[in-house]
S.K.: 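Submitted below is the structure of interest, expressed as structure tokens.
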Number of protein chains: 2
Amino acid sequence: MGVDCHHTESAQPGLEGAALASAVAAAESKCERTRERLTPPRRRVLERLLEADGPMKAYDLIAAYGQDGEPAKPPTVYRALEFLERLGFAHRIESLNAYVPCRMEGTSHRAAFLICECCGTAEEFEPDFAPQFAAAEAAGYAVRTVTLEARGLCPACKGGA
Amino acid sequence: MGVDCHHTESAQPGLEGAALASAVAAAESKCERTRERLTPPRRRVLERLLEADGPMKAYDLIAAYGQDGEPAKPPTVYRALEFLERLGFAHRIESLNAYVPCRMEGTSHRAAFLICECCGTAEEFEPDFAPQFAAAEAAGYAVRTVTLEARGLCPACKGGA
DNA sequence: AACCAATGCGTTATGAAATAACATAACCCG
DNA sequence: CGGGTTATGTTATTTCATAACGCATTGGTT
């Protein structure tokens with residue numbers, strides 16, 4: 001990444017085993033409640049996102065799709081991502097052209113990220129958008145969604161070198 | 001765009017004539033002060049951005065590059081855009097893959113936009129990022145830049161429909 | 001069960017956005 | 001005017017994303 005200190009990419013460990021299964025099960029039950037379908041391709045893509053240590057590019061997901069190493073076709077993954085975003089299970093990080101699983105509990109929240117330019121991690125956080133909303137409404141806008149991406153150095157990369 | 005009311009794209013009129021010349025001259029003098037060079041390709045791309053009624057895609061700029069209708073080669077435009085962004089004369093809107101000229105006075109690294117999903121305009125505004133900065137610093141981050149993109153309906157599109 | 005509308009998937013192909021790499025030219029400064 | 005630095009021209013390629021079509025599955029309705 002831009003700054004390049006010597007840390008190996010880390011800091012946002014992917015899920016595995018029971019934690020992974022539990023996260024997927026949570027998604028599944030949420031889908032059932034809303035009569036949405038977590039179909040096999042959608043589930044696979046969600047798993048890949050949850051397993052990852054950081055943001056994944058669409059073509060990383062395409063390459064990692066099959067358990068046997070078989071890649072997916074691009075529309076398969078893009079369609080799954082569209083679904084996962086719609087349900088709030090994943091977010092697209094515009095400034096990276098990459099995707100992360102949602103780390104926040106709440107159902108309705110706006111996506112906001114702290115992106116480390118050194119190690120590449122993207123930490124989701126829940127900001128207070130009230131001032132921005134107020135400004136937008138003062139200007140006569142009806143805001144539907146807000147995306148915020150802050151770039152800088154994470155604690156680990158800031159401290160070391 | 002997404003919502004599609006029937007307004008013709010408008011709302012952010014491009015500059016022409018004296019106003020255009022004046023904006024370019026301002027950029028030029030700012031460059032001189034900082035010993036940067038507003039070279040012909042950079043100037044051309046800046047002019048195209050200033051003339052436009054809304055955000056321009058990179059390949060729109062490539063197509064519109066020559067006065068004689070001759071397109072530019074992609075790197076020419078991308079390099080110019082990189083320069084214009086660095087100097088604060090233009091901003092990239094990540095969620096649109098598009099570019100706008102800077103409408104604000106100050107040279108801050110904070111770009112914030114209200115993007116109308118109906119007419120496609122993108123209005124730059126100067127938000128108060130203090131709460132987000134505070135949240136980021138509380139999490140131990142050293143923030144370098146912040147991008148905020150709010151999507152919704154502008155006053156014109158909100159009212160009519 | 002038979003139907004059918006809606007939704008999702010597989011597949012091929014293509015479109016759109018951005019950059020790598022290398023050669024040449026212009027600029028600045030001593 | 002020499003030499004480093006910065007900018008441009010050019011070709012090619014890589015990366016990111018979607019269009020379009022037909023088939024399969026689902027879930028509701030009679």
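So that the names make sense, note that chain A is the first sequence line, chain B the second, and so on, each numbered from 1. Atoms considered below: every heavy atom in the structure, side chains included; atoms not considered: hydrogens, waters and symmetry mates.
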S.K.: Could I get the full list of salt bridge (charged side-chain N to carboxylate O under 4.0 Å, His left out) partners for E149(B), not counting sequence neighbours?
M.R.: none
S.K.: Please list all pairs meeting salt bridge (Lys or Arg N to Asp or Glu O under 4.0 Å) that have one or both residues in residues 88-101 of chain B, counting only residues at least two apart or in different chains.
M.R.: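 Sorted result for residues 88-101 of chain B: R92(B)-E94(B).
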S.K.: Tell me: CD1 of I62(B) to P of dA18(C), nearest whole Å?
M.R.: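 In whole Å, dA18(C) P and I62(B) CD1 are 9 Å from each other.
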S.K.: List the residues meeting side-chain contact (heavy atoms from CB on, under 4.5 Å) with P101(A), not counting sequence neighbours, and say none if there are none.
M.R.: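 P101(A) satisfies side-chain contact (heavy atoms from CB on, under 4.5 Å) with L49(A), L50(A), R103(A) once adjacent residues are dropped.
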S.K.: Distance check needed: dA6(C) P versus R35(A) CZ, whole Å only.
M.R.: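 R35(A) atom CZ is separated from dA6(C) atom P by 17 Å.
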S.K.: Checking E32(B) now: which residues fulfil salt bridge (charged side-chain N to carboxylate O under 4.0 Å, His left out) with it, not counting sequence neighbours?
M.R.: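 Result, salt bridge (charged side-chain N to carboxylate O under 4.0 Å, His left out) vs E32(B): none returned.
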S.K.: Could you pull out every donor-acceptor pair under 3.5 Å between side chains of residues 129-143 of chain B and any protein atom, sequence neighbours left out?
M.R.:
residue, atom, partner, partner atom, Å
Q132(B), OE1, Q132(A), NE2, 3.2
Q132(B), NE2, D128(A), O, 3.0
Q132(B), NE2, Q132(A), OE1, 3.2
Y141(B), OH, E123(A), OE1, 3.2

S.K.: Hey, could you give me each pair passing salt bridge (Lys or Arg N to Asp or Glu O under 4.0 Å) that has a residue in residues 69-91 of chain A? Not counting sequence neighbours.
M.R.: E36(A)-R86(A)
S.K.: I'd like to compare against my own output: the B/S/- annotation of nucleotides 7-14 of chain C with a strict under-4.0 Å heavy-atom distance to protein.
M.R.: -SBBBB--
S.K.: At a heavy-atom distance below 4.0 Å, which nucleotide of DNA chain D is the first touched by chain B, and which is the last?
M.R.: dA7(D) to dT11(D)
S.K.: Under the rule for salt bridge (charged side-chain N to carboxylate O under 4.0 Å, His left out), what residues qualify as partners of R43(A), not counting sequence neighbours?
M.R.: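 Partners of R43(A) by the salt bridge (charged side-chain N to carboxylate O under 4.0 Å, His left out) criterion, ordered by chain and then number, come out as E28(A), E47(A).
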S.K.: Find the bend of the helix from dA1(C)-dT30(D) to dG30(C)-dC1(D) as the angle between its two terminal axes (five pairs each), to the nearest 10°.
M.R.: 30°
S.K.: What pairs with F89(A) under ring pair (Phe, Tyr, Trp, His ring centres under 6.0 Å), at least two apart in sequence or on another chain?
M.R.: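 With neighbours one apart ignored, the set is empty.
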S.K.: Can you pull the ring-ring contact (aromatic ring centres under 6.0 Å, His included) pairs that have at least one residue in residues 37-80 of chain B, sequence neighbours excluded?
M.R.: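 Every candidate ring-ring contact (aromatic ring centres under 6.0 Å, His included) pair involving residues 37-80 of chain B fails, so no pair, neighbours aside, qualifies.
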S.K.: Taking atom C1' of dG15(C) as reference, at what distance in whole Å does atom NZ of K57(B) sit?
M.R.: 12 Å
S.K.: Provide the closest heavy-atom pair for V45(A) versus L81(A) in the form atom of the first, atom of the second, distance.
M.R.: CG1-CD2, 3.9 Å
S.K.: Quickly work out the I93(B) CD1 to dA17(C) P distance and round it to whole Å.
M.R.: 14 Å
